[in-house]
Amino acid sequence: MNSKPVRVRMAPSPTGRFHLGSARTALYNYLFARKTGGKFILRIEDTDQKRYVPGAEEEIINSLEWLGIMPDEGPTQGGDYGPYRQTERRAIYGKYAGELVEKGAAYPCFCTAERLAKVREEQLARKENPRYDGTCRLLEPEEARRRTEAGEKFVIRIKMPKEGSTTGVDLIRGPITIENNALDDFILLKSDGLPTYHMAAMIDDHLMGISHVIRGSEWLSTFPLHVNIIRAFGWEEPTWVHLSVFLKPSGKGKMSKREAAEAIKDGHSIFIGDLKNLGYTPEGVLNWIVLMGWGVAEDDVMTLDEMVQRFNIDNLTPSPAAINFQKLDHFNGTHIRLLTNEDLSARIKPYFTGAGLKVPMDTLLKVTPLIRERLVTLDDCLTFARFFFEEKVEPNPEDLIAKGLDARQSAEIARKAYEILASLPEITHAVAEPPMRAYVESSGYNAGQVFGILRVAVTGQKVSPPLFESMEVIGRAKVLERLQEAVKILMAGK
RNA sequence: GCCCCCAUCGUCUAGUGGACUAGGACGCAGCCCUUUCAAGGCUACGACCGGGGUUCGAAUCCCCGUGGGGGCACCA
């Protein structure tokens, strides 16, 4: 490990949606910064103008905000090392690339894209590895300068050593060595004047004082190239950590576009921006992803603060992890149950109002305790509790008929239940249950039959929160009204 | 094809040479609780990829296989 003050960064490119993998990278960076008292930085790597997606940067920031892992420095909050968007730093890169050319560590290349494509094709046909053939590497510096000054289009390539090998050290994987002749003369500066990732990231990491680079394992194969670039500049290397990749649930390969769409149909998603709408909580999502690539011996239910306390960068696992949505559901439900009544009520309220229901907070506060342990996702509140806020319920006539009984008998039970409840001054759990129990005893019907009919009549559904508690919240008038309606339905269907 | 990485229950993982009859979590199955559905409690099932070394001793270290994954752009 190096001795620099801890500064870590997340450097996404605004070319697509913000997904699980990006979120986990951000999380680990965040946890490490908090754990060590360091800074967490967001840098937008927008040097590819062709793939730029409008709104992508906004989604990144919204997602981080929703998860509660906002950076200390970044394009929105600023900082002493800005700007934090690479396109706003473009002047910097040309200067550094020029420095490398001066040193003889890089060279201008005038080959056209067409020629490069042709070379690649020929190499492939000969079953050779596709790579730059080195034509412009042989150019005399004077001639190269004459051509660039004449206005000819060019890129700048790194002059990779032909011999030897390069070794970089990854914190969780150990030394990684690659033969230099296996590395290409990668392009550092594109003909549009913007840098490629390879050079831009190294320059910015250096300029921003990044101490630890925690990034995805897709960078593992170009890792030695990055080490070479840093050495060419004569800078100090950061500590490197390459995270594992996420595999699709089957464990066979990365999530494809098609599979991402499938997941959404199932009520799941790999995109953070969707998870919110699907009723997931930041707490549940965070707990879920933090454990894919990092493990704890026991007590795996954690809040963000607890994660910070327990996080240890040395314990990150290098092996790929298959996504398991069932586990997300589990953690989501668990964290929902951990919320206070007020907090949970406030979080589910929008789902009711979104469905066009009027939801008074005082009533909701009484409903929430009845459904909280039944919720896997926040939007489940609608399936369990919408009848509390509806004027009328529309029970399925068949559901009103208890198991083993016919319509006439069920109607009799409903009418009797009405009589009993109507005779009471109030319908609370404490007052209503004893006489109903007594009726079950004396009637010869069983509890499941009697309460089943009552449940469907009052809630309109076969599955509901506890019956008597529910009736107490619904209120005497509505309970009796719904019971009467049930008797009517039963009589009509007889 | 070439290069790199990885390898413990179905899945996520604990394990850093002896405390391993390999621990936890999800899922699955059963039981308890119970007016439904959950939640909760208990129990069961379930793994060190294979082969060689090193060592008194290996899930743990080394090598070779095998399997899986990633990368080979004027994309990141």
Measuring from the side chain of [X] (C-beta onward, heavy atoms only), which nucleotide among [options] has the closest atom?
X	options	answer
L247(A)	G69(B), C75(B), A7(B)	G69(B)
P320(A)	G24(B), C6(B), U35(B)	C6(B)
S319(A)	U16(B), C6(B), A76(B)	C6(B)
H198(A)	U13(B), A76(B), G68(B)	A76(B)
E45(A)	C37(B), A76(B), C5(B)	A76(B)
N315(A)	U16(B), C4(B), C6(B)	U16(B)
I176(A)	U35(B), C4(B), U36(B)	C4(B)
T47(A)	U36(B), A76(B), A25(B)	A76(B)

Name the nucleic acid region contacted by [X], choosing base, sugar-phosphate or nothing; use a 4.0 angstrom heavy-atom cut-off, strictly under.
X	result
A322(A)	sugar-phosphate
L291(A)	sugar-phosphate
G253(A)	sugar-phosphate
P466(A)	base
P465(A)	base
R115(A)	nothing
T196(A)	sugar-phosphate
V245(A)	sugar-phosphate
P14(A)	nothing
D48(A)	sugar-phosphate
F223(A)	nothing
G293(A)	sugar-phosphate
R120(A)	sugar-phosphate

Assigned partner base of [N], Watson-Crick or wobble definition, under 3.5 Å:
N	answer
G67(B)	C6(B)
U55(B)	none
C48(B)	none
A38(B)	none
C72(B)	G1(B)
A25(B)	U11(B)

If you apply the rule salt bridge (charged side-chain N to carboxylate O under 4.0 Å, His left out), what do you find for R231(A) with E237(A), and how did you get there? CA-CA 8 Å; R231(A) 286 180 189 166; E237(A) 275 180 65; 3.7 Å; yes
Under 3.5 Å, side chain of N180(A) to main-chain N/O of K162(A), donor-acceptor pair present?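 Not at all, since once roles are kept as given, no pair shorter than 3.5 Å links the two residues.
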Backbone N/O of P224(A) and side chain of N228(A): donor-acceptor pair under 3.5 Å: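 Looks like yes, one N/O pair under 3.5 Å.
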Before you tell me yes or no, could you show the steps for R85(A) and E57(A) under salt bridge (charged side-chain N to carboxylate O under 4.0 Å, His left out), namely the whole-Å CA-CA distance, both residues' side-chain angles and the distance that decides it to 0.1 Å? CA-CA 10 Å; R85(A) 265 184 219 101; E57(A) 181 183 325; 2.9 Å; yes
Is [X] near enough to [N] that one of its side-chain N or O atoms lies under 4.0 angstrom from OP1 or OP2?
X	N	result
K127(A)	C2(B)	no
T317(A)	U13(B)	yes
K403(A)	U35(B)	no
R131(A)	C2(B)	no
K190(A)	A76(B)	yes

Quick one: on RNA chain B, does I323(A) or K327(A) contact a more 5' nucleotide (nearest heavy atom)?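 Residue closer to the 5' terminus by nearest nucleotide: I323(A).
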Heavy-atom nearest nucleotide on RNA chain B for N324(A) versus E218(A): which residue maps closer to 5'? N324(A)
Mind checking ring pair (Phe, Tyr, Trp, His ring centres under 6.0 Å) for H268(A) and listing every partner two or more places apart, or none if nothing turns up?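 Here the qualifying residues are F325(A).
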Is N312(A) close to F32(A) at the side-chain level, that is, under 4.5 Å between some pair of heavy atoms?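 Heavy-atom side-chain distance check fails, nothing below 4.5 Å.
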So V301(A) and H335(A), do their side chains get closer than 4.5 Å, heavy atoms only?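 Side-chain contact under 4.5 Å: yes.
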Tell me: [atom1] of [X] to [atom2] of [N], nearest whole Å?
X	N	atom1	atom2	answer
I187(A)	C72(B)	CD1	P	14 Å
M199(A)	A73(B)	CE	C1'	16 Å
I172(A)	G15(B)	CD1	C1'	16 Å
L225(A)	C5(B)	CG	P	16 Å
W219(A)	C75(B)	CH2	P	12 Å
N129(A)	G1(B)	CG	C1'	7 Å
F186(A)	A76(B)	CZ	P	12 Å

Would the base of C5(B) count as contacting R173(A) through its side chain, where contact means a donor and an acceptor less than 3.5 Å apart? no
Can you find a donor-acceptor pair, distance only, under 3.5 Å between D300(A) side chain and G24(B) base?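 Donor-acceptor pair under 3.5 Å: no.
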Does the side-chain contact (heavy atoms from CB on, under 4.5 Å) test come out yes or no for I44(A) and L42(A), once each step is laid out? CA-CA 7 Å; I44(A) 302 296; L42(A) 174 67; 4.3 Å; yes
Assign a letter to each nucleotide of nucleotides 38-46 of chain B from its 5' end: B, base within under 4.0 Å of a protein heavy atom; S, sugar-phosphate only; -, no contact. BSS------
Would D185(A) and R137(A) satisfy salt bridge (charged side-chain N to carboxylate O under 4.0 Å, His left out), going step by step from the backbone distance to the final call? CA-CA 9 Å; D185(A) 279 4; R137(A) 182 170 170 143; 3.1 Å; yes
Cationic tip of R157(A) within the cone over Y132(A)'s six-membered ring, i.e. under 6.0 Å and within 45° of the normal? yes
Could you tell me whether R17(A) sits above the aromatic face of F271(A), with NZ or CZ closer than 6.0 angstrom to the six-membered ring centre and within 45 degrees of the axis? yes
Between U16(B) and A59(B), how far apart are the C1' atoms? Round to whole Å, please. 11 Å
